[in-house]
Amino acid sequence: MRTDPALLRDLRAAVGDDAVLVSAEACAPYECDALTAQRRVPGIVVLPRSGEQVMGVLRACRRHSTPVVARGAGTGLSGGALPVEGGVLLVLARLDRVLEVDPGRRLARVEPGVTNLEISNVAAPHGLYYAPDPSSQVACTIGGNVAENSGGVHCLKHGLTVHNLLEVRVATIEGEWLTLGSTAGDAPGLPLLALLTGSEGMLGVVTEVTVRLKPVPERVELLMASFDEVRRCADAVGRIIASGIVPAGLEMMDAPALRAAEAFARCGYPQDAAALLLCELDGLAQDVEAELAIASEVLERSGATGLRVARDAAERQRMWSGRKSAFPAVGRLAPDYFCMDGTIPRRNLADVLDGIAALSREAGLPVANVFHAGDGNLHPLILFDAGRTGEVERAERLGAEILELCVAAGGTVTGEHGVGVEKLGPMCSQFGAGEIEAFHAVKRVFDPDGLLNPGKAIPTLARCADYGAMRVHGGKLPFPQLPRF
Ligand SMILES: Cc1cc2nc3c(=O)[nH]c(=O)nc-3n(C[C@H](O)[C@H](O)[C@H](O)COP(=O)(O)OP(=O)(O)OC[C@H]3O[C@@H](n4cnc5c(N)ncnc54)[C@H](O)[C@@H]3O)c2cc1C
């Protein structure tokens, strides 16, 4: 494709010659995010170093009516940062400065390319940390976290990204600066910070983020409970929450996932278990002591066949290492895998896991489950071989059926990985035409010409008609074989 010379001139004026890539070779590393099944080599990649340069890029794209896609580290699992035809890929990774750590006000102000883990690292000398902890935290950027409203193992108690943001600075495609939220404790006006969080780069480009920091807890305990039946393990999740405890993290793995994690990380998981629960408690020493006793009793009464409390911080870290590396660990079991992301009410965990097992058998594709059980946020990992004819399509079909199952169980088609391009179809089962039109109307307010990350996150009504399903919830199930809830 021929690149518009006037656009190139304006982009080079905005960021400098060396920060504009156009050769296919230089642009190839940006062809996909972690949803590797979808790829498109971008025609132009720009690598600005400051917010002002980002604004310059957006103004140039607007002037030339060119679509633009923001990208952080490209660890997204739903194709949100997939380049669009004829568009510019705006990579924020060079905006990686920590601008301020204020222990008095317990906040950090950073540029969007700073990694999630780096924020906790710079806060650590002050006894503080940034709570949301996606398993990709070594690599993913805070800008990407804001755009996806990312979660993590410790979000059950400490909240998602949206609950830990104070203020963001945003460049709009209209060439304006917005400051959303406030560091003052209350932000008057409409809650646009919440609207922007999770908007997948479709409303504006985040150029600065101020996050809330929390004190490192006085005491932390990690319980590992093993079960000889998946259903018992799933039921224990609801019982722990019903006991009044809010664990910092409550994570579940089924047999394929825990065995893969053990083989990968040597983290001490019992190989003969059908399912495993990791339950972390944090807070004041005396509270944690009391909660540990309650959680242990609930797990025993729920039929745990093994119960172990991590001896010290090193063992705790080892136990978590398996969970945190479970995606790449499962990834070694097959040439390819899709990581699905649906959310369901906790009370339906056991039934939905049974339903997923049935769908997996029917499709002839193995599924491993490793997920944020306390939040009801499932991550079924579908294993397949893209080299075999028709297997990608079968895996995609199975993924869609699993998400339909989540919706039928009163849940949603995404928990924390966003919609991107991957879940455009399943969005049609979740929402009716009215809601989808409302999403488009909000997008038009920020981006009247539809230039920011077009074609992502919100399906068109025509696409929904093609998909053949709208609003399963309380309506017709497109897959009659699925159980009704
Ligand atoms: C192994 C693995 C484990 C993971 N574990 C988790 C997990 O536990 N929890 C979780 O929530 N996610 C998880 N993820 C998904 C992913 O890491 C998160 O979605 C993360 O927030 C993406 O950040 P990123 O910097 O890589 O963003 P990218 O993938 O580059 O982009 C993601 C989206 O954000 C937009 N975007 C990026 N930067 C900006 C910006 N500055 N302004 C506006 N829009 C922007 C992009 O356009 C795109 O739509 C995991 C991914 C992998 C590969």
Side-chain angles (χ1 to χ4, degrees), residues 30 32-36 48 51 54 57-58 67-84 87-96 110-118 132-156 160-162 168-173 178 180 196-209 249 251 264 320 323-331 337-339 341 343 370-372 375 377 379 381 414-422 446-447 452-457:
Y30 302 96
C32 65
D33 60 11
L35 182 74
T36 53
V54 171
V57 171
L58 293 182
V68 54
V69 177
R71 176 181 165 114
T75 66
L77 287 159
S78 54
L82 181 72
V84 300
V88 167
L89 192 75
L90 171 60
V91 180
L92 282 309
R94 287 183 178 173
L95 276 78
D96 62 354
V110 301
E111 290 187 325
V114 170
T115 64
N116 172 293
L117 188 61
E118 178 65 5
D133 56 344
S135 302
S136 52
Q137 66 183 153
V138 185
C140 68
T141 67
I142 189 69
N145 291 178
V146 173
E148 298 286 1
N149 190 19
S150 295
V153 161
H154 291 99
C155 291
L156 176 60
L160 299 164
T161 303
V162 69
V168 297
R169 192 155 193 251
V170 180
T172 72
I173 190 76
L178 303 178
L180 306 179
L196 184 102
T197 310
S199 64
E200 303 195 26
M202 294 181 55
L203 304 184
V205 176
V206 175
T207 62
E208 207 175 286
V209 186
E251 299 285 308
F264 187 80
W320 273 128
R323 165 59 186 96
K324 293 227 169 193
S325 57
F327 288 6
V330 171
Y337 75 96
F338 278 140
C339 172
D341 169 46
T343 302
V370 43
F371 58 98
H372 309 308
D375 303 286
N377 181 195
H379 289 325
L381 303 169
T414 170
E416 53 181 18
H417 296 169
V419 173
V421 290
E422 183 207 14
F446 286 86
D447 179 16
L452 265 183
N453 215 3
K456 311 281 178 67

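One-based numbering, in listed order, for ligands and for the atoms of each.
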Under 4.0 Å from a heavy atom of [X]: which atoms of ligand 1 are those, numbered in the order shown and with their elements?
X	result
Pro112	41 (N)
Ala147	34 (O), 35 (C), 36 (N), 44 (N), 45 (C)
Asn145	20 (C), 21 (O)
Gly201	43 (C), 44 (N)
Ser150	11 (O), 18 (C), 19 (O), 20 (C), 21 (O)

Check this for me: does any side-chain nitrogen of one of Asp133 and Lys324 sit under 4.0 Å from a carboxylate oxygen of the other?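 Salt bridge present between Asp133 and Lys324.
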In plain terms, say whether Lys456 and Glu200 are close enough for a salt bridge, that is, a side-chain N and a carboxylate O under 4.0 Å apart.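 No, no charged N to carboxylate O under 4.0 Å.
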Using a 4.0 Å heavy-atom cut-off, which part of [X] comes near ligand 1: side chain, backbone, both, or neither?
X	value
Leu92	side chain
His417	side chain
Asp133	neither

Plane angle bin for His379 and His417 - parallel if under 30°, tilted between 30 and 60°, otherwise perpendicular: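 Plane angle under 30°, so parallel.
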Kindly say whether [Y] contributes a backbone atom to a donor-acceptor pair with the side chain of [X] at under 3.5 angstrom?
X	Y	value
Ser199	Met202	no
Arg71	Cys32	yes
Asp96	Gly113	no

Among [options], which one has a heavy atom closest to [atom]?
atom	options	value
atom 29 (O) of ligand 1	Ala34, Gly72, Gly76, Cys339	Gly76
atom 46 (C) of ligand 1	Gly80, Ala73, Ala70	Ala70
atom 33 (C) of ligand 1	His154, Glu148, Glu200	Glu148

Any side-chain donor near an acceptor of the partner, His372 and Glu416, under 3.5 Å: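 Yes.
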